[in-house]
Amino acid sequence: MTFKSRFAAVLTVAVLLVGLTAPGANAAVAQVLATVETAPIPGTPDAADDPAIWIHPTDPSKSTIIGTDKSRDGRGLVVYDLSGRQLFYYPDGRMNNVDVRYNFPLGSSKVGLVGASNRERSLDFYKVNDADGSLTKAGSFLPTANISTPRGFSFYHSPDTGKYFAYVTDVGKMEQWELDGSTGSVTGKLVRSWTVSGPTHTEGLVADDEMKRIYVAQEDVGGIWRYGAEPGDSTTGTKVVSTTENGGDIIQDIKGISIYYGSGGAGYLLAASQGSNRFHVYTRDDNRPLGAFAIPAGNGIDAVTGMDGIDVTNFGVGGPFPQGFFVTQDTSNEVRQNFKAVPWQSIAGAYSPALLVDAAYDPRKIGAGAPTPSAPDTTITSQPANPTTSTSAQFSFTSTPAGATFACSLDSAAFTSCTSPVSYTGLSTGSHTFQVRASNENGVDPTPASYTWTVGTAPPGDTTPPETTITSGPPATTTSTSASFAFTSSEANSTFQCSLDAAPRAACTSPQAYTGLAVGSHTFNVWATDAAGNTDATAATQTWTVGSGDTGGTRIVRESVSQASNTTASTTLTIPKPAGVAQGDLLVSCLALNGGSIGTTGAPAGWTRLAAVTSISNPKVYGYYKVATATESAGYAWTTTSTTSGGSIVRYSGAAGLDTAATSAAGAAASSGTVPAVTSTTGNAMLVGCMSVNSGSVTLTSPAGMSQAVETGARRFEIADGIQTAAGSSGAKAWTFSSAREWAGWLVALRPKTP
């Protein structure tokens, strides 16, 4: 009978019941269908054992599945294409487990490296030939005599040293070998060995190259152990998964294990339960159980049972697997054993809430080294109208990354140092060109930002000034010492001038923000000037009052804020204590993560979680609060998975605590995000909300009735607040964004202290 490779026109995913997050062994199990199966393995009877996925360096559709044949009559490695067709067969020994890493330095080249445990006592290595996916032997060496039959095998690449390692296990024995390919052949040096406590049978191995962990699966009445993967790490492990005999969620034997990588430390640990014909999913950061799935018969492919090894990739390879796929050995096939593959999105969609689908992590970058730093990129953010009659011009600009210095040029003059905004006056009629370039330690922007405009005379007959309108501003009465105004003109290409409290007019753009306002009445004025030079004779005006909040102890006042951000991945975010913290103040914090997470024990001592918005992959947003004591530390450190992050703390006086539970929401890319209402039980409650978007450059505009307390870049988010004078519903609160992005946010009401 010829092998079968079938693609489903429609992927059928049936979820049997609900409650997939329940950890018990009898919890509902999602049913997902394979869409591809490989040709049968050459050997018999118990032959196929473990698969690995190799991603082609330039054309993912040419990626392959590499399977092991541990039988005595087959003996070797088999390479399949993504349709399941056998491409190559290497009868080099009784191969048990197999793994792949990229950019391994072999001689003078960097290669994709395949490693396998050979039951005939060796660890064997092959380089992948990119042209066709074939393998060429690249070395072999023996583990110590403690490894009587090499079974479990895994590579590990250290992000700290850049070195490559091979792990091998058998009957509880673990060995870590440092690999060297400098001579053109792979050799190994033993750097660590230990014995796993408990049942002796160990086989499944997988390393997390980002989190620097090695996992080992223990069969029988066992579980999954986690160790540090660096050679100097402790050999005392943590048992993170247990079988049902030990009160865990997975039925023995535990066989293959694999890692699904997500951005910022997100993702999953997957494990095969041979005894139940199921696959279990655990969070990658703290290894919490998320439920199980099975692969029944369907799409003309038989069910997966009695499985051994597994592998998974988040990376889209096109064809049947545009969002990555999962592959497993199948013991009971119609002819001989083989491997079955399931699109990852089918598995992710079978869970409620759905699992992460994130193609950002590229395994081909393992070992490639840090990218060459590039010069900054310059962007002009505001400029004069074109055409205009004004003989003055003002430009604002920024750079990516931030922190660069700038040089400007007008009309081909030499570049000279400048800062944003820069202004020019006395311009002649005719065409003008402005250029600005950023520079930092990585060099000068080779393509300066440029803007060309024309200064002309007023068009005949255009003497009508535009109308200026303020579209948003602070409430009539507020305790906030900050204010932001948005405004428009009735004529396109208008410029604006603003004034606060009768100060001289100054060029401005919408939105215009002010901070550090004094208690009392304030007046904001804004005038529009059209392209013909006509200026609105009557300013758009808004007057409001900043109150002290001192009304016999019944008003809450925002006193100070602090903030911090990690622009590179880190596992700790430390936010300084806001200025002037006094005993009894209420501290409210918001943290926004680039796809990572904060565990239940990740908050500093004394802080209580009020919200965790984690339903989308990026951003993840958390909220916490704390009543200040007489002695507070200089800063507060949150523990996260490795990710970029930002956070802020706002200090409020006059607040007794939360008035009601927080609400939260998240959504796909959009130009606004709305968080459901909270219902306060007392008057003069302080509404506090945090909103984050998946961008480091998007500007956020606060909801009506709330003003910005702080806005932080890197992981762009803001905290906004406002007094709700009467008890009751706050109404839903909507933030708007300068461009469409994924978003997540929360809203809570603070209760004023009783006089």
Side-chain angles (χ1 to χ4, degrees), residues 3-13 32-39 51-67 77-88 98-103 111-114 127-135 258-263 266-268 270 279 293 295 298-301 304 310-330 338-350 354-368 595 617-618 668-669 742:
F3 77 93
K4 301 186 296 293
S5 171
R6 306 179 178 92
F7 303 87
V10 178
L11 304 181
T12 304
V13 179
V32 299
L33 302 182
T35 59
V36 170
E37 64 175 331
T38 69
I53 300 167
W54 172 74
I55 308 295
H56 190 278
T58 58
D59 185 352
S61 69
K62 296 179 181 178
S63 303
T64 62
I65 298 169
I66 303 168
L77 291 177
V78 186
V79 181
Y80 305 94
D81 66 16
L82 294 181
S83 71
R85 181 172 61 96
Q86 180 178 310
L87 299 176
F88 307 101
V98 62
D99 202 5
V100 175
R101 285 300 185 275
Y102 302 84
N103 299 297
V111 303
L113 189 68
V114 173
K127 74 171 184 178
V128 185
N129 301 304
D130 297 343
D132 58 5
S134 62
L135 307 179
S258 188
I259 299 288
Y260 179 93
Y261 285 90
S263 302
Y268 308 102
L270 281 72
F279 305 92
F293 66 92
I295 305 174
N299 292 329
I301 300 173
V304 172
I310 62 173
D311 199 10
V312 66
T313 181
N314 68 304
F315 198 75
V317 293
F321 309 120
Q323 295 177 296
F325 68 100
F326 171 83
V327 61
T328 176
Q329 182 264 6
D330 181 20
N338 69 347
F339 302 93
K340 307 290 200 301
V342 181
W344 175 253
Q345 68 269 25
S346 297
I347 297 170
L355 299 181
L356 177 71
V357 177
D358 182 358
Y361 176 84
D362 186 347
R364 300 172 300 184
K365 294 182 179 179
I366 295 173
S617 61
N618 183 10
E742 295 84 358

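One-based numbering along the sequence shown. Side-chain atoms are counted along with the backbone in the values below, which use heavy atoms only and exclude waters and symmetry mates.
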- Message: Angle between ring planes, F279 versus F326, binned at 30° and 60°: parallel, tilted or perpendicular?
- Response: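 Perpendicular: the ring planes of F279 and F326 meet at over 60°.
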- Message: In terms of relative ring orientation, are W344 and Y260 parallel, tilted or perpendicular, with 30° and 60° separating the classes?
- Response: parallel
- Message: Out of the candidates I347, I53, N314, only one should pair with F325 under the side-chain contact (heavy atoms from CB on, under 4.5 Å) rule; please name it.
- Response: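 Answer after filtering I347, I53, N314: I53.
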4.5 Å side-chain heavy-atom contact, [X] and [Y]:
{"X": "T64", "Y": "L82", "answer": "no"}
{"X": "V128", "Y": "V114", "answer": "yes"}
{"X": "P322", "Y": "Q345", "answer": "yes"}
{"X": "P363", "Y": "Y261", "answer": "no"}

So, for [X] and [Y], which heavy atoms are closest and what is the spacing to 0.1 Å?
{"X": "W54", "Y": "V100", "result": "CD1-CG1, 3.9 Å"}
{"X": "P57", "Y": "R364", "result": "O-NH1, 3.2 Å"}
{"X": "D311", "Y": "A52", "result": "OD2-CA, 3.3 Å"}
{"X": "P343", "Y": "P320", "result": "CG-O, 3.9 Å"}
{"X": "A34", "Y": "V342", "result": "CA-CG2, 3.7 Å"}
{"X": "T58", "Y": "P60", "result": "O-CD, 3.7 Å"}

Nearest-0.5 Å distance that lies between atom [atom1] in [X] and atom [atom2] in [Y]:
{"X": "F88", "Y": "D132", "atom1": "CZ", "atom2": "CG", "result": "4.0 Å"}
{"X": "K365", "Y": "N103", "atom1": "NZ", "atom2": "CG", "result": "11.0 Å"}
{"X": "N338", "Y": "Q86", "atom1": "CG", "atom2": "CD", "result": "11.5 Å"}
{"X": "I295", "Y": "D330", "atom1": "CD1", "atom2": "CG", "result": "8.5 Å"}
{"X": "I65", "Y": "T38", "atom1": "CD1", "atom2": "OG1", "result": "7.0 Å"}
{"X": "R101", "Y": "I366", "atom1": "CZ", "atom2": "CD1", "result": "5.0 Å"}

- Are any side-chain N or O atoms of T328 and backbone N or O atoms of K340, one a donor and one an acceptor, separated by less than 3.5 Å? no
- Item | Neighbour count above 12 (heavy atom, 6.0 Å) for K127 NZ | no
